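Input: a single structure, listed below in structure tokens.
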Amino acid sequence: MKPRHLNHTDTLQLPVTGKGPFSFRHTLWKPSHFGTGLEVHTATHSWRTFRLDHLVVGVRMSAENDRLLVADVFTDGHYEPEHRERIAQRLITSYGLDEDLDEFTELASQVPAMQEPLDTLAGMRQSCPEDHFEIAVISLLLQNVTISRTTQMTRNLLTHHGKLVHFAGVTLRAWFTAAELAGVTPETLKEQDRLGYRARTLPHFAAFFRDHTTQDLADEETLVDRFQQIKGVGPYTAAVMASHSSRNPSVVGLDVWNRKILARRLLGAEDAAPEDLQRHMKELFPGHAGTAALYLVEHEFIRSPVAPLLAADALDVWNQTLETSAA
């Protein structure tokens, strides 16, 4: 499939205003994250797609220094001043450029299990470039399955309903919007996209987020209750969606695989009850348990990343592979 070409429309220089160090590489690239085709990383640059309403946006990012993120912006349509403001704020929020790390670093430095993660990943901040709808879709696809199954379902949805774009020398997938997915039938989602029981639930997600903008959902205190208004969403899924959407550093989203990592690192046990682990982490890292969990999990994968950094001369192969798979 031939990708849609995005044109260069802007260059943003975004300072890191939050206290504490900033690691460009470890903030934008997380070794535990599975490959979706939405982003790709080399040692010096990161490429990522975003949706702003109807607009498809591609961003190539690099670090001018350890306090400045430079983002070249590419789009497929008319780029307005309000788009500039929105993509700038999206990048600041997505990569925690305004978040303070000093208090977390001070707490973590007192915990022996955190010494190696702090040394290796110093300056890593939470990263969540997805919007509320995209987070909801990923949360649904992660329910009760292996990472490989989630990867398969995600790729099916992005291939069949998303966009394929090319900018700054890289081909990437881009998300579909809630409005674009709202017209897709459960039968298509089940048979074509192989979503199983999720095919019945996803149209409810699309309808909810089509009718509720990010601005409508700005109050993080009510997000768990609001998300449970979606048919098929219970308290656990709503809590995971809300914690990622609000970037709350105190919230730990526990599943089977990261629970075992944290139990081993912090308790010296093969596993632990979720409530015991939550309580222990909140005692060790008050207000920052989620950030501590992030450091421990990513350090676990640093030597064997799920989606490794690409060599600069491997981008052509990346492009060819993605374009062939989308045919």
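Since the model is a prediction, treat every value here as computed from it, not as a measurement.
In this structure, Arg25 contributes its side chain and Thr42 its backbone to a donor-acceptor pair below 3.5 Å. Side chain of Thr324 to main chain of Thr321: no donor-acceptor pair is present (N/O by atom type, distance under 3.5 Å, no hydrogens or angles). Put simply, the side chain of Thr150 gets close to the backbone of Leu141: a donor and an acceptor are under 3.5 Å apart. Judged purely by atom type and a 3.5 angstrom limit, Arg60 has no side-chain atom pairing as donor or acceptor with the backbone of His45. Between the side chain of His161 and the main chain of Leu157, no donor-acceptor pair closer than 3.5 Å is present. Judged by distance alone, with hydrogens and angles left aside, the side-chain atoms of Ser127 form a donor-acceptor pair with the main-chain N or O of Thr27 at under 3.5 Å. Judged by distance alone, with hydrogens and angles left aside, the side-chain atoms of Arg125 form a donor-acceptor pair with the main-chain N or O of Pro21 at under 3.5 Å. Trp47 places no side-chain N or O within 3.5 Å of a backbone atom of Val170 that could act as its donor or acceptor partner. Between the side chain of Arg198 and the main chain of Leu140, a donor-acceptor pair closer than 3.5 Å is present. In this structure, Trp318 contributes its side chain and Thr171 its backbone to a donor-acceptor pair below 3.5 Å.
Closest of all the heavy-atom pairs between Tyr295 and Gly123 is OH-N, 3.6 Å. For the residue pair Met281 and Ala289, the shortest heavy atom distance occurs at CE-O, 3.4 Å. Heavy atoms only, all atoms of each residue included: Leu315 and Leu310 are closest at CD2-CD1, 3.9 Å. When all heavy atoms of Ala206 and Ala178 are compared, the closest pair comes out as O-CB, 3.5 Å. Annotation for Ala71 and Met61: closest pair CB-CG, 4.0 Å, computed over non-hydrogen atoms. Contact detail for Cys128 and Ile135: the closest heavy-atom pair is SG-CD1, 3.5 Å.
Looking only at side-chain heavy atoms (C-beta outward), Leu296 and Met114 come within less than 4.5 Å of each other. You'll find the side chain of Ser32 stays beyond 4.5 Å of the side chain of Glu300, heavy atoms only. Looking at heavy atoms from C-beta onward, Phe167 lies in side-chain contact with Leu172 at the 4.5 angstrom threshold. Residues Val73 and Val57 are in side-chain contact: their nearest non-hydrogen atoms beyond the backbone lie under 4.5 Å apart. Asn156 places none of its side-chain heavy atoms less than 4.5 Å from the side chain of Gln192. Residues Arg51 and Phe133 have side chains not in contact (no heavy-atom distance under 4.5 Å, counting atoms from C-beta outward). For the pair Tyr79/Arg84, a side-chain contact is recorded, criterion being any heavy-atom separation below 4.5 Å from C-beta on. Looking only at side-chain heavy atoms (C-beta outward), Asp131 and Arg90 come within less than 4.5 Å of each other.
Hydrophobic clustering of Ile, Leu, Val, Met, Phe, Trp and Tyr side chains at less than 4.5 Å, counting indirect connections, keeps Leu309 apart from Leu69. By the rule that hydrophobic residues join a cluster once side-chain heavy atoms approach within less than 4.5 Å of another member, Phe227 and Leu181 end up as members of one cluster. Put simply, Trp29 and Leu101 are part of the same group of oily side chains (I, L, V, M, F, W, Y) that touch within less than 4.5 Å, one to the next. Note: the hydrophobic cluster containing Leu267 also contains Leu262 (ILVMFWY, side chain heavy atoms under 4.5 Å, direct or indirect links). Grouping the Ile, Leu, Val, Met, Phe, Trp and Tyr side chains by contacts below 4.5 angstrom, directly or via other members, places Val70 apart from Tyr95.
Using a cutoff of 4.0 Å between basic side-chain nitrogens and carboxylate oxygens, Asp102 and Lys19 are not scored as salt-bridged.
No hydrogens or angles considered: nothing links the side chains of Arg86 and Gln89 as a donor-acceptor pair under 3.5 Å.
Screening Thr49, Leu91, Asp72 for a side-chain contact (heavy atoms from CB on, under 4.5 Å) involving Val59 leaves a single residue, Leu91. With Asp271 as the partner, the side-chain hydrogen bond (donor to acceptor under 3.5 Å, both in side chains) test is satisfied by one option alone out of Arg264, Lys260, Arg259: Arg259. Under the ring pair (Phe, Tyr, Trp, His ring centres under 6.0 Å) test applied with Phe74, the options His8, His5, His166 reduce to a single match, His8.
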Please evaluate residues His83 and Ile87 with respect to the criterion side-chain contact (heavy atoms from CB on, under 4.5 Å), reporting the C-alpha separation (whole Å), side-chain torsions for both, the decisive distance (0.1 Å), and the verdict. CA-CA 6 Å; His83 292 135; Ile87 195 64; 6.0 Å; no

Steps toward side-chain contact (heavy atoms from CB on, under 4.5 Å) verdict (Val137, Trp175): CA-CA 11 Å; Val137 173; Trp175 277 101; 4.0 Å; yes

Let's go through Glu298 and His33 carefully: what are the C-alpha distance in whole Å and the side-chain angles of both, what is the deciding distance for side-chain contact (heavy atoms from CB on, under 4.5 Å) to 0.1 Å, and is it a yes or a no? CA-CA 9 Å; Glu298 297 308 327; His33 289 189; 4.2 Å; yes

Could you please spell out the steps behind the side-chain contact (heavy atoms from CB on, under 4.5 Å) verdict for Leu223 and His132? CA-CA 10 Å; Leu223 279 180; His132 287 66; 4.3 Å; yes

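Within 6.0 Å of CZ on Arg67 lie more than 12 heavy atoms contributed by other residues, nucleotides or ligands. When the shell of 6.0 Å around CD of Glu270 is examined, it contains 12 or fewer heavy atoms from other residues, nucleotides or ligands. Taking a 6.0 Å sphere around CD of Glu80, one finds it holds more than 12 heavy atoms contributed by other residues, nucleotides or ligands. Heavy-atom contacts from other residues, nucleotides or ligands closer than 6.0 Å to CD of Gln229 number more than 12.
Ring planes of Phe285 and Phe104: tilted class, angle from 30 to 60°. Using cut-offs of 30° and 60° for the angle between ring planes, the Phe22 and Phe24 rings count as perpendicular.
Going from atom OG1 of Thr177 over to atom CD of Glu134 covers 9.5 Å, rounded to the nearest 0.5 Å. Taking NE2 of His26 as the reference point, atom CD1 of Ile302 lies at 4.5 Å (rounded to 0.5 Å). Between the CE atom of Met124 and the CG atom of Leu118 there is a distance of 9.0 Å, given to the nearest 0.5 Å. Within the model, atoms CG of Leu266 and CD1 of Ile261 stand 11.0 Å from one another, a figure rounded to the nearest 0.5 Å. Of the inter-residue distances, the one linking Lys231 atom NZ with Thr201 atom OG1 reads 8.5 Å to the nearest 0.5 angstrom. The distance from the CZ atom of Arg265 to the NE2 atom of His299 is 5.5 Å, given to the nearest 0.5 Å.
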